[in-house]
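If you're wondering where the values come from, they're calculated on a predicted model, not measured in any experiment. Read the numbers this way: they start at 1 and go in the same order the structure lists the ligands and their atoms.
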Amino acid sequence: MTEPTFPFRVPFDEACGIVDAVAAERRLQPQTVSLSRAHGHVLARDVVATLPQPPFDNSAMDGFALRHADLAADGAPTRLRLTGEQFAGPDAALTVESGTCVRITTGAPLPAGADTVVMKENTALEGDAVIVQIAPKPGQHVRRAGEDSRVGDLLLRAGDTVTPARIGLAASQGLAQLDVVRRPTVAVFATGDELVEPGMSLGPGQIYNSNRDQLMALLRAEGLEPVAFPTLPDDAAQVTSALRHAGEAFDLVLTCGGVSAGEKDLLPELLQRRGRVRVWKVMMKPGMPLLLAEGDTLGPSLFLCLPGNPVSVLATWLALGRRLVDGLQGRAPRALRRARLASDWTKMHERLELLRGRWWIDDDGISWVEPNPADGSHRMLAAADSDALIVLDAGPRAYATGTPVDVLPY
Ligand code: AMP
Ligand code: MG
């Protein structure tokens, strides 16, 4: 290969910077979605309150609305005349005069004149009289208009992820739709002459395609609706044709396998010739062969080519693929967590490592992570037994038990 004209064999942090830059250049457009479809999207615009919340003074309890000044100052029981009922629903426009009270339910508008609610449990009924046995404090059990938010308050920010609580908040403003960033469309390809789909029978030298369904699940976990294509053979003409078609139709074409240095690894050559490579080879373990390119003559898509080993797919997706998809939507990269290593670990090689391990928080609130010694990128059982990537910085190092490290739970 002639000297590459693109970032090649770059440190992991530099690859993150390139992914962020590419994502920022290709930030996806806003779209309006109904509230029922908004969960997990990234907000494209701030949401500002146009209603106070609560919109009117209302009761926080089932009980009786009263005037606090009517209650006996020494805390003795007070008898009030019951003059009406205000349930949650239409405002009956009642007034509480001195010495009277109105039956009220939770969420019902507070009648004029009332300033306090006594809960039902602290009263007794005698004919049309209510005996207040335990006096509420002034203003107790009244939810004041605007105490949660006022007109003009910033409720949600562009870039926030839409969570169920934020959907509830938007609904409370009467919003039936939200402006969110469009999610990227993603095509998924596995490559390799050795691959057979699960459910079929295996011939000699063949293995099952683990990556396609693993990747589909990883993508769906991000709320994406990826499209899986038939597995590509290691054949240049077929790979070119398939990627050219997908390159016209999707925001992101995700491949796995065929991106390394073997005779049948066709993707680097294809993407150097037909695309515009933004980065190839990241100094990470696993996942070094990763390649990110713009489609150029393959179409307007972005191409993210992950290595073939299933654990490399998992690690590169979580560390860089998801970061790309987040960035395309204007979402900040996921925060890493900290944990203490639960056993000694000797890191021998130069590259940053994303080791698999089990992560937990002990009874004292200290988080720990136990690295799995089966660290080969084909060790799927170890990855499946684990629930976090342990980030070990570049360079060899002996880690003692208890050393704090970054972890990325999965
Ligand atoms: P490659 O990068 O294509 O040379 O693949 C690296 C290793 O990953 C090889 O051992 C492949 O057989 C294996 N591999 C590639 N793709 C898949 C896949 N979809 N499922 C399981 N293993 C794969
Ligand atoms: Mg291959």
Side-chain angles (χ1 to χ4, degrees), residues 1 8-9 15 186-221 224 226-243 246 252-273 275 277 279-293 303-322 349 351 353-356 374-386 389 410:
M1 193 178 90
F8 180 67
R9 289 177 149 273
V186 187
V188 171
F189 288 94
T191 71
D193 286 337
E194 72 278 34
L195 300 179
V196 172
E197 301 314 320
M200 312 287 281
S201 53
L202 276 186
Q206 295 184 317
I207 59 167
Y208 285 118
N209 180 357
S210 291
N211 287 341
R212 184 178 64 178
D213 290 304
Q214 177 180 223
L215 261 177
M216 292 295 283
L218 286 165
L219 290 156
R220 288 192 181 115
L224 302 170
V227 177
F229 281 81
T231 295
L232 292 173
D234 293 317
D235 173 89
Q238 290 193 59
V239 170
T240 307
S241 157
L243 295 195
L252 176 63
V253 177
L254 204 50
T255 68
C256 53
V259 72
S260 201
E263 280 66 34
K264 293 286 190 177
D265 292 332
L266 305 168
L267 289 168
E269 205 273 330
L270 173 65
L271 284 157
Q272 285 178 83
R273 196 162 43 80
V277 177
V279 62
W280 183 27
K281 292 197 190 288
V282 180
M283 301 306 285
M284 63 190 289
K285 182 180 182 294
M288 168 116 165
L290 176 138
L291 185 154
L292 174 64
F303 286 77
L304 179 62
C305 306
L306 306 181
N309 276 301
V311 180
S312 307
V313 167
L314 177 69
T316 51
W317 166 260
L318 292 171
L320 291 170
R322 188 168 66 173
H349 55 83
R351 284 177 273 157
E353 182 153 8
L354 300 172
L355 200 60
R356 280 67 61 203
D375 62 349
S377 59
H378 61 300
R379 301 296 293 265
M380 287 183 267
L381 175 57
D385 268 347
S386 300
L389 297 177
Y410 65 82

Looking only at non-hydrogen atoms, find the nearest pair between Pro230 and Phe189 and report the distance. O-CD2, 4.2 Å
Is a side-chain donor or acceptor of Gln206 paired with a backbone partner of Gly203 at a separation under 3.5 angstrom? yes
Taking Arg356 for its side chain and Ala383 for its backbone only, find out whether a donor-acceptor pair lies under 3.5 Å. no
Taking atom 22 (N) of ligand 1 as the reference point, the nearest protein heavy atom with its distance: Ile207 CD1, 3.4 Å
Closest approach of any protein heavy atom to atom 4 (O) of ligand 1, naming residue and atom: Asp265 OD1, 3.7 Å
Relative to the heavy atoms of Gly257, which atoms of ligand 1 are at a distance of less than 4.0 Å? 2 (O), 3 (O)
Which atom of Pro310 lies closest to which atom of Gln214, heavy atoms considered: O-NE2, 3.1 Å
Would you call Arg212 a ligand 1 contact, heavy-atom distance under 4.0 Å? no
Name the closest protein heavy atom to atom 18 (C) of ligand 1, giving the residue it belongs to and the distance to 0.1 Å. Asn211 ND2, 3.2 Å
Just to confirm my output: which protein heavy-atom neighbour is closest to atom 12 (O) of ligand 1, and how far is it? Glu194 OE2, 2.5 Å
What's the shortest distance from atom 13 (C) of ligand 1 to any protein heavy atom, and which residue and atom give it? Gly308 O, 3.8 Å
Could you see which bit of Lys264 sits under 4.0 Å from ligand 1, with heavy atoms only: side chain, backbone, both or neither? neither
Shortest non-hydrogen pair, Pro268 vs Asp265, comes out as CD-O, 3.7 Å
Could you tell me, atom by atom, which parts of ligand 1 come under 4.0 Å of a heavy atom of Asn209? 18 (C), 19 (N), 20 (N)
Proximity flag Gly192 to ligand 1, non-hydrogen atoms under 4.0 Å: no
Is there a side-chain contact between Leu215 and Leu306 in this structure, where contact means two heavy atoms from C-beta onward sitting under 4.5 Å apart? yes
Quick one: does Leu292's side chain get under 4.5 Å of Val277's, heavy atoms only? no
Hey, which atoms in ligand 1 end up nearer than 4.0 Å to a heavy atom of Tyr208? 20 (N), 21 (C)
Contacting atoms of ligand 1, where contact means under 4.0 angstrom from a heavy atom of Gly258: 1 (P), 2 (O), 3 (O)
So which protein heavy atom does atom 20 (N) of ligand 1 come closest to, and at what separation? Ser210 N, 3.0 Å
Determine whether any heavy atom of Pro310 lies closer than 4.0 Å to an atom of ligand 1. yes
Please report the shortest heavy-atom distance between Leu354 and Ala315, naming the atom on each side. CD1-O, 4.0 Å
Looking at every heavy atom in both Phe229 and Arg212, which two are closest together, and how far apart are they? O-NH1, 3.9 Å
One residue to check: Thr231. Relative to ligand 1, which of side chain, backbone, both or neither has a non-hydrogen atom less than 4.0 Å away? neither
Contact check, side chains of Asn209 and Asn211, non-hydrogen atoms, under 4.5 Å: yes
Which of the atoms in ligand 1, numbered in the order shown and given with their element, are less than 4.0 Å from a heavy-atom of Asn309? 6 (C), 7 (C), 8 (O)
